[in-house]
Amino acid sequence: MLFEPRSGRLGAWGNALLAGLVSPDEAVLSIVGEDAVHRVEGLPGESAPVGLTLALGRLRALGVTGLRVALPAPGHPLGLSGPPEFNARALEAEEAVVAVGAALGLVPEVSEVGPAGDVHVSVTWHVLPVREAPPADVPSLSEAERELAEALREATEVLTRLDVAGSGPVAEAALSAYRARAEAGREALAPGYPARAVRVLALAQRVDLMVSLAYENGHGGAVAASEMAARAEALRPVERVARRALVAAYNSAVEARERG
C-alpha cells in the first residue's frame, strides 16, 4: 500500500482550495478519502468541532494562505517549528499540518470502530498554536529528488546482498498494485503542483514501499545478528530521505507561491 499521510491530503487539497483551483466539495472529498468523516476541533471562534468545509473557510478568513505538511519521527522534527507542546502532539501522531499566514497547526487523531473489513474511521484535527518560524529540515524538490535516487540505489544494493529486498507473493502483489496505480495516471497531488513535485512524490512512495516490504518480509537471508544490523542500518537513512522527499513534494506549492 502506498504511503499517503492524511496530512498530505489535507495540505495538498487545502492548498488547491486556498489558491482557488478546486471547489470546497472537491477538496473535502479528496481530503476525507476512504475515511468516514473528518472534523476540526479548537478553531478560533468555534466552540465545538466543525466540518472540513467550514474549517477551511474559517482558516482562509483567519488569514491562512497555505498549508505545510510535517512528518516528524523520533529525533527528526521534520517540518516542525515549535512550540514544544505542538511538536510533541505532532510527533505522537507522526504527522501534522502547519498553516501559513496564521500561527496555527493541525494534528490528526484517528479513531477506528468496527470489525476487520468493515472499519469505520473518523478523524479529528486538533488546532493548536504554533511558532512562526522556518520548518525544520525540509529540502528543496531538486535536493529531495537527488537524495532519493542515491538512497534507493545504495539501499537496493545492500538489501539485495542480504536477501531482504521485497520478494515473494505478498511483495509481488504490492509492487503490481503500485505499478497499476501509477500506470492508471492517478492524480498523486492536487491541482497547482509542479510536475517535479508529482515525480518526487511518486518516487518517495516507491522508496517507502520498498522499505515497508523489506520490514514486513522478516529477516530474509539476514539471519546473523550482524546482517540484521546491516539491514537496519541500510533502511534507516532511506526512511528518513523518503519522508524528507514527501514533505518537500507536499510543500512545494506553498514554496512556489512564496517565491512569487
Side-chain angles (χ1 to χ4, degrees), residues 1-41 43 49-62 64-71 79 90 93-101 104-112 119-127 141 177-178 180-206 208-209 242-243 245-257:
M1 181 176 181
L2 297 184
F3 179 50
E4 188 179 38
R6 290 178 173 86
S7 57
R9 296 204 305 267
L10 176 58
W13 289 92
N15 282 327
L17 176 62
L18 291 169
L21 300 175
V22 297
S23 69
D25 287 346
E26 184 180 1
V28 169
L29 185 64
S30 299
I31 293 167
V32 173
E34 297 180 358
D35 298 333
V37 65
H38 283 216
R39 306 284 285 173
V40 181
E41 182 177 9
L43 268 173
V50 299
L52 272 178
T53 302
L54 193 155
L56 290 168
R58 174 73 68 183
L59 288 173
R60 186 200 296 271
L62 291 170
V64 173
T65 58
L67 299 171
R68 285 194 172 99
V69 173
L71 298 176
E94 298 183 344
E95 59 178 315
V97 172
V98 179
V100 177
L104 299 171
L106 299 91
V107 179
E109 179 183 357
V110 181
S111 300
E112 298 183 355
V119 177
H120 178 98
V121 179
S122 61
V123 180
T124 299
W125 293 90
H126 296 279
V127 179
L141 276 176
Y178 171 84
R181 201 170 182 181
E183 290 169 1
R186 175 184 172 274
E187 191 170 25
L189 283 169
Y193 278 82
R196 189 172 206 169
V198 177
R199 185 169 68 245
V200 168
L201 180 67
L203 182 56
Q205 289 177 323
R206 181 183 175 188
D208 182 79
L209 176 62
R243 284 190 298 107
L246 286 167
V247 171
Y250 285 124
N251 293 356
S252 60
V254 172
E255 303 298 338
R257 285 202 297 271

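Fair warning: this is a prediction, and the values are worked out from it, not measured in the lab.
Annotation: side chain of W125 is in contact with side chain of V97 (closest heavy-atom distance under 4.5 Å). Between E41 and E109, every side-chain heavy-atom pair lies at or beyond the 4.5 Å cut-off. You'll find the side chain of R39 stays beyond 4.5 Å of the side chain of S122, heavy atoms only.
Considering only residues two or more places apart in sequence or on other chains, T53 meets the side chain to side chain contact (heavy atoms under 4.5 Å, CB included) condition with P24, V28. Residues forming a side chain to side chain contact (heavy atoms under 4.5 Å, CB included) with A36 (at least two apart in sequence, or on another chain): H120. Residues meeting the side chain to side chain contact (heavy atoms under 4.5 Å, CB included) test with A245, sequence neighbours left out: A144, L148, V200, A204. Under the rule for a salt bridge (charged side-chain N to carboxylate O under 4.0 Å, His left out), R60 has no partner lying at least two apart in sequence or in another chain. Every residue two or more places apart in sequence or in another chain that forms a side-chain hydrogen bond (donor to acceptor under 3.5 Å, both in side chains) with R58 is listed here: E46. In this structure T65 satisfies the side chain to side chain contact (heavy atoms under 4.5 Å, CB included) test together with V100, sequence neighbours excluded. Taking R9 as the reference, D35 meet the salt bridge (charged side-chain N to carboxylate O under 4.0 Å, His left out) condition, with sequence neighbours excluded.
The nearest pair of heavy atoms linking L21 to P191 is CD1-O, 3.5 Å. Taking each heavy atom of A12 and Y193 in turn, the nearest pair found is CA-OH, 3.2 Å. Heavy-atom minimum distance, P108 versus V123: CB-CG1, 4.0 Å. Taking both residues in full, the closest heavy atoms of V254 and G66 are given as CG2-CA, 4.1 Å, listed atom of the first, atom of the second, then distance. Minimum heavy-atom separation, V69 to G11: CG2-CA, 4.2 Å. Here the closest non-hydrogen pair linking A249 and A197 is CB-O, 3.6 Å.
Each of V107, L104, L59 was checked for a side-chain contact (heavy atoms from CB on, under 4.5 Å) with V127, and the lone residue meeting it is L104.
Taking CG of L10 as the start and CD1 of I31 as the end, the distance is 5.0 Å to the nearest 0.5 Å. Note that CG of L246 and OG of S7 are 9.0 Å apart. Values are rounded to the nearest 0.5 Å. Here L43 contributes atom CG and L106 contributes atom CG; the two are 7.0 Å apart, rounded to the nearest 0.5 Å. Atom CZ of R206 and atom CG of L201 lie 14.0 Å apart (nearest 0.5 Å).
Listed by first and then second residue, the salt bridge (charged side-chain N to carboxylate O under 4.0 Å, His left out) pairs involving residues 12-24 amount to none (not counting sequence neighbours).
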R6 vs V121, side chain to side chain contact (heavy atoms under 4.5 Å, CB included): CA-CA, chis, key distance, verdict
CA-CA 12 Å; R6 290 178 173 86; V121 179; 3.5 Å; yes
With side chain to side chain contact (heavy atoms under 4.5 Å, CB included) as the test, would you mind laying out the steps for L67 and L18 before giving the verdict?
CA-CA 9 Å; L67 299 171; L18 291 169; 4.3 Å; yes
I would like to know whether V40 and L52 meet side chain to side chain contact (heavy atoms under 4.5 Å, CB included); could you show each step before the answer?
CA-CA 7 Å; V40 181; L52 272 178; 3.9 Å; yes
What do the steps show when you test V37 against T124 for side chain to side chain contact (heavy atoms under 4.5 Å, CB included), and what is the final call?
CA-CA 9 Å; V37 65; T124 299; over 6 Å; no
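Between the side chains of Y250 and N15, no donor-acceptor pair is found at a separation under 3.5 Å.
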